[in-house]
Amino acid sequence: MGVLESKGDSSNVVVDVEKIGSVDKYYETTGFEDFNDKLDVEKYGQTQRKLSSRHVSLLIIGQSVGTGLFIGLSSPLMTSGSLSLFLGFIGFACLVIWPLMQAVGEMCSFLPIKGTFLHFSARWVDPALGFACSIIYLYTSLMFICVEAVGFASVISFWTDINPGVFIAIALVSYFVFNIFGVNWYGEIEFFSSMLKVLLIVGLMIFGLVSMCGGNPHHNAYGFEHWKQGGLMKEYLVGGNTGRFLGFWNVLIYAAFACGGPDLLGMVAGEIAHPRKNIALAAKRAYVRIYLFYFGGIFFMNTLCASNNPILIASHESGASGAAASPWVIGIKSVGVHGLDSLVNVLVMSAAWSCGNAFLYGATRTAYGASLAGYLPRFFSKCLKNGAPIYCVIFSLLVGCLSFLSISNSTAEVFNWFINLATTGILCTYLCIWWSYFKFRRVMAAQGYDMSSPDYPYFTAPWFVHPYMTYFGCFLNIVILFFNGFWIFFPGQFSVANLFTSYFAPVFFVVLFFFWKLFKRTHFRTNAEADITTGKKEIDDEEEEEIAREAATPRRLGLLFKIYYKVADFCFN
């Protein structure tokens, strides 16, 4: 076996080449003794760059629109009040999600490798962090699959009393089918399902605007009356200003569950065509999700449904499911419009299914990236010819079968268990991304990359994002994670199940970090040895070939094609 090795100040690049007949067996690795990342293309195959800017734009937008935004808002609305709900979502989205999306955009535009932030944690910070990040994000994605599968079954139970296990099985089987066809099929399915979600939320917002201005069967221009009817900032657990603050804090914790996006952008970076351009576009468009879904959606939902609406309270106490528990549908009924229940339920059902499908994608790519890093067995790297990591898909679906717990327990109770487990897991993942980003900034400066220079060719966030918003966002992330289970310690609230679901993920994360650090005797990378170069040249060459190939392919002529290209360029490029 021949070994070609190139040593520099910042990294080692080792390429092993072994002739087997006429086939080359190719590995690429950083060469770190404590981080053995390998890509054996000949033996296992590899994922493929088949996601376009059109796919990525809708994927990132659509991931945030699931049962949490359409149905789950009823609980924080009732306990915290309309203004607390609005400010909590806007605060978390603007102060944590948006700057984190910019950070992911900067890192993945520079180095859109397979595994992205999982490998960034190991190559730039410490392999122990890479291991902990990989396992905790895999666990989180698997919990989100369960959340959306249970939510999917709950939404369908609006129409039927059939055992929810039937619909959970349908969801899991359909996830399997669409995830083994290859990433381009996955991208198309998510593109159209995300379009439905966007149309639903926009349609509901328009209805809310028209209704509040008097365009309803009662001809009542109620304006903002529903905001204050149930209380703008309700007291939670205790009275006074402390109770109102706790109500607001409770919304922040729920927003951590319902708001997402940075993690998925990192996961798809290894399978995006023209990654430098498309990752930058997705990061720049993060504000669309904030304005459209969180600012606009929750604003108009509050105008439709008061937090003390009798139907809302009754549906919560009776454990109603699907559209019957949605504050949107309840608000629509309250203004005198009937017959939209089933239509909204169909669209909410598609939203729940789509989010589950997206998190299965995230889980499979996490398992794939972890196997490349040596954190999971190498057979998880096995891909079909179309690029689908088949064993990762099977493994993720097997764990997703935990969703069937809702058959023997209350669906709402199990749904809340999975929400708590997933929320704390995603906050741990965000901490790893923050840590990697702060290290990335220092390493880039130490190794001679001036990101503030006009000649820097890759995406950079606006000047005020780092260090101001990034450090505050990371601080808020830590505080929310640490105090996410605050309500457990109030009289009458404690239970072992609540304590476990609220704090399992952070404890598990710390155990994972120290286990790998002691087991592998890893060390924190210095700025000089952190590897920001391995794999970059191959991606640069690949992208140049894609650009040349696209330039050599003429666009179709004709009026309809010209209109299509104009619209597509405006929306997605």
Side-chain angles (χ1 to χ4, degrees), residues 1 3-5 10-18 25-47 111-142 266-267 269-271 362-383 387 389-396 399 428-429 432-433 435-436 439 508-525 529-536 538-539:
M1 176 178 290
V3 178
L4 306 178
E5 182 173 348
S10 61
S11 65
N12 294 336
V13 178
V14 179
V15 177
D16 298 336
V17 181
E18 180 181 288
K25 191 172 184 179
Y26 175 73
Y27 301 109
E28 181 185 299
T29 178
T30 57
F32 285 125
E33 292 181 358
D34 54 4
F35 182 61
N36 183 26
D37 58 328
K38 276 185 184 176
L39 176 62
D40 186 347
V41 177
E42 190 274 331
K43 183 176 182 180
Y44 296 111
Q46 63 177 326
T47 57
L111 194 62
I113 58 172
K114 295 173 174 64
T116 55
F117 62 83
L118 310 178
H119 287 213
F120 296 162
S121 299
R123 288 168 56 161
W124 303 344
V125 182
D126 189 316
L129 184 68
F131 174 74
C133 182
S134 298
I135 302 305
I136 205 70
Y137 186 62
L138 177 59
Y139 146 83
T140 300
S141 298
L142 294 171
M267 280 294 100
E271 296 179 72
T364 58
R365 269 48 181 186
T366 304
Y368 176 75
S371 71
L372 294 181
Y375 298 141
L376 291 178
R378 295 288 181 187
F379 71 82
F380 280 111
S381 302
K382 177 65 177 176
C383 294
I390 182 63
Y391 295 130
C392 296
V393 174
I394 294 172
F395 167 75
S396 299
V399 178
C428 290
T429 302
C432 296
I433 300 176
W435 197 346
S436 299
K439 184 69 173 181
F508 184 44
F509 176 76
V510 172
V511 170
L512 289 170
F513 179 83
F514 283 105
F515 163 73
W516 199 257
K517 193 159 189 62
L518 295 174
F519 179 61
K520 291 291 186 178
R521 299 185 181 277
T522 65
H523 70 280
F524 288 101
R525 309 289 187 216
E529 70 178 345
D531 182 3
I532 59 173
T533 56
T534 297
K536 183 176 182 298
E538 289 76 13
I539 295 170

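Along the sequence shown, residues carry numbers from 1. The structure displayed is predicted, hence computed values, not measured ones.
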Which heavy atom of [X] sits nearest a heavy atom of [Y], and at what distance?
{"X": "L138", "Y": "A363", "value": "CD1-O, 3.4 Å"}
{"X": "H119", "Y": "G369", "value": "NE2-O, 2.9 Å"}
{"X": "R123", "Y": "T534", "value": "NH2-O, 2.9 Å"}
{"X": "T140", "Y": "I136", "value": "OG1-O, 2.7 Å"}
{"X": "S141", "Y": "G362", "value": "OG-C, 4.0 Å"}
{"X": "P389", "Y": "R365", "value": "CD-NH1, 3.4 Å"}

Original post:
Residues in side chain to side chain donor-acceptor pair (under 3.5 Å) with T429, at least two apart?
Top reply: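 Residues passing side chain to side chain donor-acceptor pair (under 3.5 Å) with T429: none at all.
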Side chains of [X] and [Y] in contact at under 4.5 Å (non-hydrogen atoms):
{"X": "W124", "Y": "L111", "value": "yes"}
{"X": "C133", "Y": "F117", "value": "yes"}
{"X": "V399", "Y": "Y139", "value": "no"}
{"X": "Y137", "Y": "C432", "value": "no"}
{"X": "H523", "Y": "F32", "value": "no"}

Rounded at 0.5 Å granularity, tell me how far [atom1] in [X] sits from [atom2] in [Y].
{"X": "Y368", "Y": "L376", "atom1": "OH", "atom2": "CG", "result": "13.0 Å"}
{"X": "F513", "Y": "F508", "atom1": "CZ", "atom2": "CZ", "result": "15.0 Å"}
{"X": "S121", "Y": "I433", "atom1": "OG", "atom2": "CD1", "result": "8.0 Å"}
{"X": "K382", "Y": "C392", "atom1": "NZ", "atom2": "SG", "result": "12.5 Å"}
{"X": "F379", "Y": "F395", "atom1": "CZ", "atom2": "CZ", "result": "9.0 Å"}
{"X": "L129", "Y": "W435", "atom1": "CG", "atom2": "CH2", "result": "5.5 Å"}

Using only atom types and a distance under 3.5 Å, with no angle test, would you say the side chain of [X] pairs donor to acceptor with the backbone of [Y]?
{"X": "R378", "Y": "L372", "answer": "yes"}
{"X": "T116", "Y": "G266", "answer": "yes"}
{"X": "K439", "Y": "A530", "answer": "no"}

Original post:
Any luck finding a side-chain donor-acceptor pair between S396 and T364 under 3.5 Å?
Top reply: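 The answer is no; no qualifying pair exists.
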Subject >> For Y375, all residues meeting ring-ring contact (aromatic ring centres under 6.0 Å, His included), sequence neighbours excluded >> reply: F131, W516
Subject >> Enclosure of F524 CZ (heavy-atom neighbours >12, cutoff 6.0 Å) >> reply: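 Atom CZ in F524 is crowded, with more than 12 foreign heavy atoms closer than 6.0 Å.
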Original post:
With a cut-off of 6.0 Å (strictly less than), are more than 12 heavy atoms of other residues, nucleotides or ligands near OH of Y391?
Top reply: no
